[in-house]
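Reviewing the structure listed below.
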Amino acid sequence: MYERHILICAGTGCISSGTREVKEALENELIKHNLQDKVRIILSGCHGFCEKGPIFIVYPEDIFYCEVKAEDMPELVEEYLVKGNIVERLLYKDPTTAGTVTSHEEIPFYSRQKRQVLRNCGVIDPENIDEYIIRGGYIGLKKALGMEPLEIVNTVKSSGLRGRGGAGFPTGMKWEFAHRSPGDKKYVVCNADEGDPGAFMDRSVLEGDPHAVLEGLIIAGRAIGSDEAYIYVRAEYPLAVRRLRTAIAQAEEYGLIGQNILNSGANFKINIKEGAGAFVCGEETALLASIEGERGMPRPRPPFPAVKGLWGKPTCINNVETLANVPLILRNGADWYSAVGTEGSKGTKIFALTGKVNNTGLCEVPMGISLREIVFDIGGGIRGGKKYKAVQIGGPSGGCIPESLLDLPVDFDSLTAAGAMMGSGGMVVMDEDTCMVDLARYFLSFTQRESCGKCTPCREGTKRMLEILERITRGKGEPEDIPRLEKLAVAVKDSSLCGLGQTAPNPVLTTLRYFRDEYEAHIFDRRCPAGLCRDLLTYYIDAEVCTGCRSCVKACPAEAISGEKKEPHAIDEAKCISCGACFDRCKFGAVKTK
Amino acid sequence: MQPVTITLNGREVSGHPEMTILELARESGITIPTICNEPHLTSIGSCRLCLVENEQNGALLASCVTPIVPGMVINTESPRVMEHRRMIVKLMLASHPDSCLVCDKGNRCQLHQIASDLGIGLLELQRIPQTAAIEEVNPFIERDMSKCILCAKCVRACQELVVEGALDYFQRGFIARPATLNNSPLENSECTFCGVCVALCPTGSLMEKKRVYQGTTKNLVNTTCPYCGCGCSISLEVKDNYIVAARPGKVDTENEGTLCVKGSYGFDFIHSPDRLKKPLVKVNGAFQETSWEKALEETAEALNLIKEQYGPDSLAVLGAVKCTNEENYLLQKFARTVLGTNNIDNSSRLYNPATRLGLGTSIGFPGTTNCLEALEQSEVIVAIGTDPAASAPRVNYAIKRAVKLRGAKLILIDPRRTKLSSFAHLWLRPKVGTDLVLLNSMSRLIIDESLLDKEFVTRKTDNFDALPGALEKYSLEYAETLTGIKKEEIHSAARLYALADQAAIIYGTGITQHPGGTASVKALFNLALLTGNIWRNGGGIYALQRDNNGQGACDMGALPDFLPGYQSTEDLQAKKKFEEHWGVSLPANPGLTALEIMEQIKAGKIKGLYIVGENPVLSFPRSDFVTEALSSLDFLAVQDLFLTETARLAGVVLPAASFAEKEGTFTNFEGKTGRIRKAVAPAGECLPDWEIILRLANKMERPLPFSTIQQVMEEIEELVPLYEGYLDSEGKYQNEWGFWKRRSHRWHSLKGFPRFSTAEYTPPEKKINEDYPLTLLTEAVLYHFGTGTRSSRAWRLQQFSPRIFIRINEADAKKLGLSPLDKVRIISPVAELTAAVSITGALPEGIASLPASFPEAPATRLFDINLDTETKTPSLKACNVRIERIDDHE
């Protein structure tokens, strides 16, 4: 019998922070102390607190160590596992109270969350189906197999679940369309082509709890009358792909997939299709084209996939997180599920919190929680005590939410009303040092590159918008650029073929809506309020600090700096081209910007 | 179905369900600009110019892909729509180069047109034109991707119409472009230069290259392609009496907007400097130009003299698979009534009689039993003895469309790997000359396993009882031994064909030019009849014709044994009908076939010959023999566009007008007639063939009672039941109704039901001579045609495919120590040729192949005269040769 279980996070984030090395060192130490039969090491899925990885939890005491290194293992084993002394220095330190906490439940990052979908992530071994089953896995499926397909559809409908992939379409309604579509062959497809920069919710679910997704898929198949599913997952997620394959093999072995599942007479097959990294393949019709072996390009809708989808057959496409919600609904009932959330948005939502916050990572919160709670309580506030500026929700297709809207309840409808969107759940927090024009430029350069090129507004329009934004950030903006940008943005949004183009202008439109003054400062005052756009900075030398070393004089390509050796130098603003070479070269911080 | 009513720009209009908003708008007379929409391509809704506003919810919809829904309220010109539409065009213009003034597309540019229609003047957007290198290595198509607006018509045309798959999207975002695999030049891709993409390109991005005559014109003449038997509809762009360009005919015509490289770029020969301009007479062994008057006088005198001295059967006429139906009708009438002989034949004798006899005896009409559109409904298609990618491109497109877009299964029977092989569900590679064994064994298996359509066979066919016995010996084991195909494969092919609800058969010269071709055609027909696949929509037999009017020449009775419309010369009733109408008595003696005519010339029995548009020196086997025969004639008149190898032997050469310089009709392999129209005036003093024939008859003082082509057409309609009403649809292609009407004539001409005929395999008599170890197959090439007289003068075709290659298998090449491009001597028992070597994996060991269309090395020369006993067709498909390398110092 094991006396202790040690969970080491093996999500992609923690693996890159050194999980494998930690595990190896731990194993060696355990052997040294002859503990290998008493302590079981489990590589778990993502705990969400990637900022502090690798995460290392010891059960049954529930001691939460973080940022552990391989070098820490001798001490940790010796002190804690052998002697029972908690290693203080590896505990989590609350940045607000500066005290340490031992259990993860006491950490605000976790205590404010409502981990329903992520309930197993970081808790179970994702490569062991038994652990999933012990925690209630596949009960939902068992129930579903005893129900009429339409009953399942209605349960999901009344739960109020809406698609977590971005648009928030009611899942039950989507299932109903596919269910009612005539056809002897139908498909269910899991969209795991998570491509937003900074978003990793789906990856964490796939890596940490793959069976939840499989269970959701099988239930969806049962509901719409399909016997075959595809999981379209990015090839850039090798760990997720591997865990999915393992999970499928185990589920097949247990008779949960395959012929006559659980003696219900129903058959179900799950295929994995690895995507090649095109952002647009997250769009459902492009995704289907890609599965069919065609170039991933969107097709016009109608016909909707529910009528004519994969290989022309009725197809139901759901996102990973949506599917991971399904087993819970079936297991606990629609009422249980809809008890959480707001009027129009039920349940929880997972966000990938990144940017300038103290606690970056993955968090699951009830719908309707305020943005302030997410950023300041879960996220632990802005890093370095700087001022909050905005949060970009929904990735490159979303919009930014300014400080004035921090108390906005986070749900589908209020975010859309604010010009942003739930998107897949990326949440990038920005502080006062972020230039909002540059931010819009960044996101647009992403969508521009990822536009498939099929329809004119998206292909040409995003390029022209990007050019205007680049012009503005270089200090070459013209007064007409703002109306021009707005006109282009509306044209692209209104007339593009697919969701990529229809949402690509959102970052531009929201920054124009909430931070128009920044654009105007760039154009009219030739000034970047955040001090980020290099071309708009004025450099000067602080005579107090300058040592007269002449290295900036040598670095200046425009011969704009003059001054004798060991005398303070000066920059001739007329000659300066704002390249920043002097700023980079100065070792004494004497070159400053205004 | 209930019509759907919507409100369109404030007016209620109705359309049928599944109609798009765009279609309904067009029907209602409302113009919505589009660029990416093309009726015969899948709509992709990519240019977004056709946006309309749904006034109920403010949604902007791409009207080309949005179906109408009852109660919709659509505004096609709301301020929002117009603003966005203008913005989209501005976006296109912003990345388009400024070169409109020097762009060859000129006023035909759709982008230009739409911009001007929308009143777009100055652009407020910064213009940053795309740059791109102009690709122009190949002689046909120039690609300037800087002008591309990504409507993707070229991509769709390539994938959906001609199914070559040479083009697809490449790259993403702003730099996305249509491109070939790995963005390689067209000539290194799957591209066949069919030119369909060029015809569809809305801007100057894809342009025809190196036209001989420049200029843009809106003067289009709709006519019919004069190359292969597909008979595609083409439009000639005419300016200042020059053919500037050719493009696919109207979309509603047979070829659905497709052509092949010859149809798009093969017409330079019309204005070739080599064209004959004046009649020529030979004086002391040298040609001299002369007047029509004198040339015709000399011809008339010579023919009359021979007729008087030796009798009418000492004269013969050859012609004319490239001439119109009307001209063929006149020619046979000339032979029978002016000269008074049945000695008339045409060069479809070289490939077609097996069909005529094989199908004629079985179903009563010698030709294709179905139309090409129906092929796309077939579940299973058997293609045997044909490489339509080279010989009948439109058939090739149809097969590929059926397979790729409609899921048909192709059974390809060909020892060579052809472009169709990758589309084949089953690819059987029989040993050369054993097709009949394979087909008979398939029939036997169908009977043995009771896969036949019993009801059909019992109620609607004749002579079934003879079949099982005759097939007795064709067991799978026997077939495997002879054909070299595994019996399991034969078994699956037979089952696949028999179990399909609709299955079609296509065959070409690989069947008909073999000795015993007639028997193979009968065996094919037996297969179709056993399975009831003769009347069905997606069934039938497609007999490919090599020449544009091979079918018509025979239909018109340019045959020794048939009067027009396959009314036998021995059918006294028919004969009487013609005699009464023509007011003459028709010759009683049976006529001679083409090769028999040559033999009889050699034997001194035939003294005078009149050749219209044929070149037997190149197209017949044993050219030495043919040359000798023609040289020994008392008188030879040749009527042609060029001074061909045959014309050089003539005493009088009569310059004829090309297809673009006259009126008439061609009949394609399906039996559909296509109108040809005069686009330019004849070169020099050339005259249309029909006019020359009439003038010659006048000179011989036996005038034919016609003065216009219209009168000839009327007589054909009257006397040839098959062609009754053939000009119904104003000379356009026959509409469906007309086609089936003509088809029904064919059935009626058979007395009783279609008959099974037994077809016995006779093994080749001669053992393979060890001196000639290789089997040489003749084959068609896409870039040339016939004997090459015209295609070698279409300089772009000639530049792209300038020389002849013999293709041989890797193992054979190794054995003979050959490397690619080596010059070799190809030696048959009767002649030798030289060609360069191309080494290929497409041919089985022991087999080489040589294209037939290079005048400098006519493959037919290698063949001895070896006539099929039934049809008198010379074998021109396979012969035995050896190959020797020619060393450089030789």
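Order of the sequence lines fixes the chain letters, A, B, ..., with proteins taken first and strands second; residue numbering starts at 1 for each chain.
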Quick one: of C47(B), C36(B), A59(B), who has the most non-hydrogen atom pairs under 4.5 Å with chain A?
C47(B)

Partner residues of R301(A) under the salt bridge (charged side-chain N to carboxylate O under 4.0 Å, His left out) criterion, sequence neighbours left out
E284(A)

Atom pair CG (L91(B)) and CG (L488(A)), whose distance is rounded to the nearest 0.5 Å
6.0 Å

I need the residue from T462(A), T456(A), I468(A), V490(A) with the largest number of non-hydrogen atom pairs under 4.5 Å to chain B.
T456(A)

Ignoring hydrogens and angles, tell me if any N or O in the side chain of R48(B) forms a donor-acceptor pair with the backbone of V492(A) under 3.5 Å.
no

For each of L125(B), L61(B), L49(B), L150(B), tally heavy-atom pairs with chain A at distances under 4.5 Å, and name the one with the top tally.
L150(B)

To the nearest 0.5 Å, what is the distance between OG on S43(B) and CZ on R299(A)?
14.0 Å

Please find the pair of heavy atoms, one from C452(A) and one from A176(B), that lie closest to each other, and give the distance.
O-CB, 3.9 Å

Any chance you could measure I88(B), atom CD1, to S496(A), atom OG, to the nearest 0.5 Å?
8.0 Å

With a 6.0 Å cut-off (strictly less than), is the heavy-atom count around NE2 of H112(B), excluding the residue itself, greater than 12?
no

For the CD atom on E190(B), are there more than 12 heavy atoms of other groups (residues, nucleotides or ligands in this structure) within a distance under 6.0 Å?
no

Nearest 0.5 Å please: distance from the CE atom of M87(B) over to the CZ atom of R484(A).
9.5 Å

Let me know if Q171(B) has heavy atoms under 4.5 Å from chain A in its side chain, its backbone, both or neither.
backbone

Note: vs chain B, highest number of non-hydrogen pairs under 4.5 angstrom among R471(A), K463(A), E480(A), Q448(A) is K463(A)

Quick one: do R85(B) and S495(A) satisfy side chain to side chain contact (heavy atoms under 4.5 Å, CB included)? Show the steps, please.
CA-CA 9 Å; R85(B) 208 176 267 165; S495(A) 54; over 6 Å; no

Given side chain to side chain contact (heavy atoms under 4.5 Å, CB included), test L51(B) with D494(A) step by step and report yes or no.
CA-CA 10 Å; L51(B) 287 178; D494(A) 280 359; over 6 Å; no

Which value, rounded to the nearest 0.5 Å, describes the distance between K454(A) atom NZ and R172(B) atom CZ?
15.5 Å

Using non-hydrogen atoms and a 4.5 Å limit, figure out which bit of A152(B) sits close to chain A: side chain, backbone, both or neither.
neither

Should we say atom NZ of K409(B) is surrounded by more than 12 heavy atoms from elsewhere, each under 6.0 Å from it?
no

Verify the neighbour count for atom CG of N57(B): are there more than 12 heavy atoms of other residues, nucleotides or ligands below 6.0 Å?
yes

In this structure, CD1 of I175(B) is separated from CZ of R449(A) (nearest 0.5 Å) by 10.5 Å

Starting from the C-alpha separation in whole Å, work towards a yes-or-no answer on salt bridge (charged side-chain N to carboxylate O under 4.0 Å, His left out) for D168(B) and R295(A).
CA-CA 9 Å; D168(B) 203 339; R295(A) 175 180 156 112; 5.5 Å; no

